[in-house]
Protein chains: 2
Amino acid sequence: MIRACLTALALILPPAVQAQDASALLGPAESRGTGDLGVVIERASGSVLVVDQSERAALCRVEGLGDLSHASLTFSPDERFAYVFGRDGGLSKVDILACRLENRVIQAGNAIGGAISDDGRLVAVSNYEPGGVKVFDADTLAQVADVPMGSKTVGLADAPGSRFVVATWDSGEVWVLDHSADPAKPLVTRIKGIGANPYDALMTADGRTYIVGLFGEKGLTTLDLWQDPPQPRRILPDYGRDQPDLPVYKMPHLQGWTLAGASYALPAVGLHQVLWADAATGAETARTEVAGQPVFVTARPDGRELWVNFATPDNGTVQVIDALTRQVKRTLHPGAGILHMEFTPRGHEVWLSARDDDRVVIHDARTYEKLGEIEARAPSGIFFTARAHRTGL
Amino acid sequence: MIRACLTALALILPPAVQAQDASALLGPAESRGTGDLGVVIERASGSVLVVDQSERAALCRVEGLGDLSHASLTFSPDERFAYVFGRDGGLSKVDILACRLENRVIQAGNAIGGAISDDGRLVAVSNYEPGGVKVFDADTLAQVADVPMGSKTVGLADAPGSRFVVATWDSGEVWVLDHSADPAKPLVTRIKGIGANPYDALMTADGRTYIVGLFGEKGLTTLDLWQDPPQPRRILPDYGRDQPDLPVYKMPHLQGWTLAGASYALPAVGLHQVLWADAATGAETARTEVAGQPVFVTARPDGRELWVNFATPDNGTVQVIDALTRQVKRTLHPGAGILHMEFTPRGHEVWLSARDDDRVVIHDARTYEKLGEIEARAPSGIFFTARAHRTGL
């Protein structure tokens, strides 16, 4: 009875803000579940921080990952290994349970991101230099396939059926690589006429729709991968930089798009607006005025609210938009240089990287209350292991 | 170079069917990722089998869980612990990493399922006897709250914001329990007028829509939990047993519903049909003739195909429906007494429990080829740990 009361009391009391422990590393725990772990990119120091969502704490740091100034990562299906894609062409495999750099190869001169196949057996990397896509054995990092495309490649994503999809900057194409029959010799489907200079792309969570952002012209191009062969379809024909006098501080990532209900919410380019588009037709339906040039428009996992961060000079501000009213309902100032936001898988918390404060800050995603913070070196991307189970990342 | 070739060769060769190893238990591995684990209910022997998706093998068995004849389970956010809800009112906490029964309480006389809160701190169980819902500390299993409702309860699901939602069989209500302010004293919202004798319910993956099946009348009732207070809305007014001469072998679980694109696909009651309903309006739009009385209509995670199993006497058959054409494209006979189907999180494989063969069989979810099998004692539900990251289970 006393125990039950103490338990109830402990549950009632708000969790203590852990600022005082922010610099402590709990150390690796060899035996533990990995479903609530995460990895934070420390962009300036070539290191990653392994974090524990449940403890709201850092476990350990892994160093020696090279140039992480524009890095991303993906997880193995068992949520034990992180594959980190560095800007310098480095592909690093980190054991987040043992807190160890398991393997590392320099696979290209200049790389821009990667993906892991749905069966977890292949890791693909898209390259600026020499261009094309290289595919590696997820276990050993041995090269399995090399697919030159005569172009820089962007927006690499996995698709169901051991496939990878990528756009080519120089030739305006999308290539679908199907590794299901022979990992070393993918069947290639080339889709031409995507548009001038794709600079990024996005795969929907079901792996069906691939959306390509264009730098060389306005609008975006979508492909329905259920079609055979997929036919390019232009959406949001006015999307892009439409006021040449306003400087664009940062070309928004298409990963900053989000699907809330039947609408996409996406950052306008160079404007202080979030755009809304009908997901079925691709037509613009509304605009929300916000505090700066949006970078990421990220839906809380339930889709009820969207959190927006901004390019400099407004990157200390975060705004929350109500998905029903499409109005800003809250403006927060969680730290300096907010580069990224990651929700816990079921959306009760949001973790934000405050690069210029050298901290990750943790907020309740419903009350907006600050719950804790973790010391980190110039943190950028935050990646929780639940991503291992999602398509198109 | 040789290594790369061998790797490529290993990837080319089809994975060996593991039938010869089906009886082997690999044993617990204390240090490993938990993202690719799963738990299989062995309904007749009060035990669960811990399985490894990547190895297509069983790791170990945990016994002493009581009556699992109508059992379900849910996972802790770290994907280490399974909370198993037995028919006899037993709530068991299993450490799937150590392969150990961590804790067990008999919390009621007759229970029907449970859920875990989005923050992972509370586990709720819905009871037939004595009725109502009890809520426990996920860590210790100490009771935190007891909410009598004067009724048997069904269809318990978690919702965002430390909430649980449940329907009452005797009084035709839905109760929303909000534990966010005080876990021990949930704020209760009672919604009356749901309909006669709810027998099961379903929460959509975003935690927004709660769908209640009615035994005492036709049709289903939905609640939009974004409304305050939610207003009952009747959909599919003809849904239910509509041909009294045809015996209903099994009242389909609403968990057998699936959302494929903008449509629900659901098992007809007592008919050899799968029904299609527009998700926005709830109106029936089509029917697909199938091989028996459907039990589960489960979408592959990409939504492109739906797999259907059947009530006796057709429970050795599984059919695959194309979501675009809504036609059966494949009929399989994977084993005797197929009770449940679980897809790997990104949908490359499907695992099926063949109760009367004492096996779990594993098929490629695209080629339909059999990839392996695992010996199990009268297996029923198969639960992969990726469920830890999903709302409404």
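Numbers restart at 1 for each chain; the letters A, B, ... are given by sequence-line order, proteins then strands. What you see is a predicted model; the values in this text were computed from it and never measured. Atom set for the values below is all heavy atoms of this structure, side chains included, hydrogens, waters and symmetry mates excluded.
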Option that, when pairs with chain A are counted at under 4.5 Å, heavy atom only, ranks first among [options]:
options	value
B:Gly161, B:Ser162, B:Ala145	B:Gly161
B:Lys185, B:His179, B:Gln53, B:Arg304	B:Arg304
B:Ile96, B:Asp119, B:Asp95	B:Asp119

*Work out which heavy atom in A:Pro160 is nearest to a heavy atom in B:Arg366; give both atom names and the distance.*
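Result for this residue pair: CB-NH2, 3.4 Å.
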
_Testing the basics here: between B:His389 and A:Gly35, what is the closest heavy-atom pair and its distance to 0.1 Å?_
CE1-O, 3.0 Å

*Does A:Arg346 reach the side chain of B:Asp158, with side-chain heavy atoms less than 4.5 Å apart?*
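Yes, close enough: below the 4.5 Å cut-off.
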
*For the residue pair A:Leu97 and B:Ser31, establish whether any side-chain heavy-atom pair is separated by less than 4.5 Å.*
yes

Gap separating the [atom1] atom of [X] from the [atom2] atom of [Y], nearest 0.5 angstrom:
X	Y	atom1	atom2	answer
A:Thr391	B:Asp302	OG1	CG	7.5 Å
B:Ser54	A:Arg80	OG	CZ	12.0 Å
B:Glu349	A:Asp118	CD	CG	9.5 Å
B:His348	A:Ser180	NE2	OG	12.5 Å

Let me know if [X] has heavy atoms under 4.5 Å from chain B in its side chain, its backbone, both or neither.
X	answer
A:Leu324	side chain
A:Thr204	neither
A:Arg300	neither
A:Ala386	both
A:Ile116	both

*Side chain from CB out, backbone as N, CA, C, O: work out which of these in B:Thr367 comes under 4.5 Å of a heavy atom of chain A, or both, or neither.*
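Neither the backbone nor the side chain of B:Thr367 comes within 4.5 Å of chain A.
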
